[in-house]
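Every chain is numbered from 1, with letters handed out A, B, ... down the list of sequences.
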Protein chains: 2
Amino acid sequence: MVNKNKSKTTEEKILAAARKVFTTKGMTGARMQDIADEAGMNKALLHYYFKDKDKLFENVFLAEAQKFFPKINAIFNSEETLFDKIRNFVSEYIDEILSNPDLPWFVLNEMNRDPEQFLFKVWGKENLPKPAKLLAQVEQEVKAGIIKPISPVHLLMNMISLTIFPFVGKPMFLYNLRISEKQFREIMEQRKKEIPEFIINAIKK
Amino acid sequence: MVNKNKSKTTEEKILAAARKVFTTKGMTGARMQDIADEAGMNKALLHYYFKDKDKLFENVFLAEAQKFFPKINAIFNSEETLFDKIRNFVSEYIDEILSNPDLPWFVLNEMNRDPEQFLFKVWGKENLPKPAKLLAQVEQEVKAGIIKPISPVHLLMNMISLTIFPFVGKPMFLYNLRISEKQFREIMEQRKKEIPEFIINAIKK
DNA sequence: GTCTATAATTTGATAGAC
DNA sequence: GTCTATCAAATTATAGAC
């Protein structure tokens, strides 16, 4: 049992606290004091370890933003069939988000607030998703008459939208459909099967 | 030509400037100075007209949040067929957002930042969308064997996700798919037809 | 490394002249 | 109503003791 709970280093405590505060309040809404409180220490230590708020934020944001684009490339560029790719993408992505419920809002929020930072720092040309192969595969299957005619770009947008949006609009759905947190989670679990079925029904011949 | 450009009152100028700054930077990111600059006046005037930042924000937010839920009820509760409702909902919603591109991010952002405010102030029980009739209609058409079995909740989530998400994830799509602002807009125009087709293909028998 | 105390800066808000 | 100047509060950041 290595490095459990209390055995976290100070730096790790800070990062965990910063992650929690930043992902719920955003960069501009978060206070250094909030983070210090959450970490059970004083503000001075935050600066001792991470110099200033910007540096601390960048540290958290980069780590989180990468989780937001998980094994996408592995799936997109695998040798599986299109339908299997869709199933795997949706299912794995929803699992990832279920274990990090604030992730989509946090990343999208900062992405819209400061697109430059996002494009250059997060996607330094390395970990940027490469949808080219998937797009080509769609186009090919359309030509071969395996699936109905659909623009690959629209299909990709649909996959991503169906998967991510419910988490971003969660407060809206909770209130509007009168469902509990627990029910919401169950519905998201269902969507791991529902979404691929929906998409495949839409495009199969 | 009533009340064109320069003939705007000071209050209108402030609201227009506040709208622009708040919708792009969010409540916590926006600075009163930014708004004053944008409006071409000084901070003192903002306080003279709207007392404080919270009041000014609330003023803007309430107006914008209502645009975000347009004639939804009119569509949801009309006597049209399910397929026509889907077509109208998607098409009208995309048109609304195209004329207010920052709207989805702004509203969703604040909704996640401060759900309480959102639920009580925006949805004061009046303008809250009432999806009950639409949900019932879906259920009925499933039972009648007109469409494939699908949970009404999932179908509603799908409609909304497909329509709104691309605007929230816009920076991601722009960079990742290497498309321009102009191309993005064209793609959104296409989606007014693409999405209803996609959904109907997915559920029709 | 960690703390307390304090400085420095940013930002919202007001006073008072015009 | 609108401005300049200024204050007050909030918030980030540092100095210095331990």
Earliest and latest nucleotide of DNA chain D, 5' to 3', sitting under 4.0 Å from a non-hydrogen atom of chain B?
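Going 5' to 3' along DNA chain D, contacts run D/dG1 to D/dT4.
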Show every donor-acceptor pair shorter than 3.5 Å between a side-chain atom in residues 133-140 of chain A and any protein atom, with sequence neighbours excluded, or say none if there are none.
{"residue": "A/Lys133", "atom": "NZ", "partner": "A/Asn77", "partner atom": "O", "Å": "3.1"}
{"residue": "A/Lys133", "atom": "NZ", "partner": "A/Glu79", "partner atom": "OE2", "Å": "2.8"}
{"residue": "A/Gln137", "atom": "OE1", "partner": "A/Lys85", "partner atom": "NZ", "Å": "2.7"}
{"residue": "A/Gln137", "atom": "NE2", "partner": "A/Glu80", "partner atom": "O", "Å": "3.2"}

What pairs with [X] under side-chain hydrogen bond (donor to acceptor under 3.5 Å, both in side chains), at least two apart in sequence or on another chain?
| X | value |
| --- | --- |
| A/Lys51 | none |
| B/Lys204 | B/Asn201 |
| B/Arg19 | B/Glu64, B/Asn100 |
| B/Glu110 | B/Arg113 |

Counting only pairs under 3.5 Å, give me each side-chain donor-acceptor contact of residues 32-39 of chain A, with atom names and distances, residues two or more places apart or in other chains.
{"residue": "A/Gln33", "atom": "NE2", "partner": "A/Asp37", "partner atom": "OD1", "Å": "2.9"}
{"residue": "A/Asp34", "atom": "OD2", "partner": "A/Lys25", "partner atom": "NZ", "Å": "3.4"}
{"residue": "A/Asp34", "atom": "OD2", "partner": "A/Arg31", "partner atom": "N", "Å": "3.3"}
{"residue": "A/Glu38", "atom": "OE2", "partner": "A/Lys20", "partner atom": "NZ", "Å": "3.3"}

By side-chain contact (heavy atoms from CB on, under 4.5 Å) - contacts of A/Glu194 (at least two apart):
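Result, side-chain contact (heavy atoms from CB on, under 4.5 Å) vs A/Glu194: A/Gln190, B/Ile150, B/His154.
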For B/Lys192, which residues count as a side-chain contact (heavy atoms from CB on, under 4.5 Å) partner, sequence neighbours excluded?
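So B/Lys192 forms a side-chain contact (heavy atoms from CB on, under 4.5 Å) with B/Ser91, B/Ile94, B/Asp95, B/Glu189.
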Can you sort out which residues in residues 37-57 of chain A have a heavy atom within less than 4.0 Å of DNA chain D? Ascending by number, please.
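The stretch gives A/Lys43, A/Ala44, A/His47, A/Lys51, A/Asp52, A/Lys53 as the residues lying under 4.0 Å from the strand, ordered by number.
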Members of residues 18-33 of chain A that approach DNA chain D, where some heavy atom sits under 4.0 Å away:
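A/Ala30, A/Arg31, A/Met32 - these, ordered by number, are the residues of the stretch whose heavy atoms sit under 4.0 Å from the strand.
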Counting neighbours of NZ on B/Lys148 that are heavy atoms of other residues, nucleotides or ligands and sit closer than 6.0 Å, is the number greater than 12?
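Yes, NZ of B/Lys148 has more than 12 neighbouring heavy atoms, counting only those of other groups under 6.0 Å.
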Using the salt bridge (Lys or Arg N to Asp or Glu O under 4.0 Å) rule, collect all pairs that involve residues 153-169 of chain A, keeping only residues at least two apart or in two chains.
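Checked against salt bridge (Lys or Arg N to Asp or Glu O under 4.0 Å) - neighbours excluded - no pair reaches residues 153-169 of chain A.
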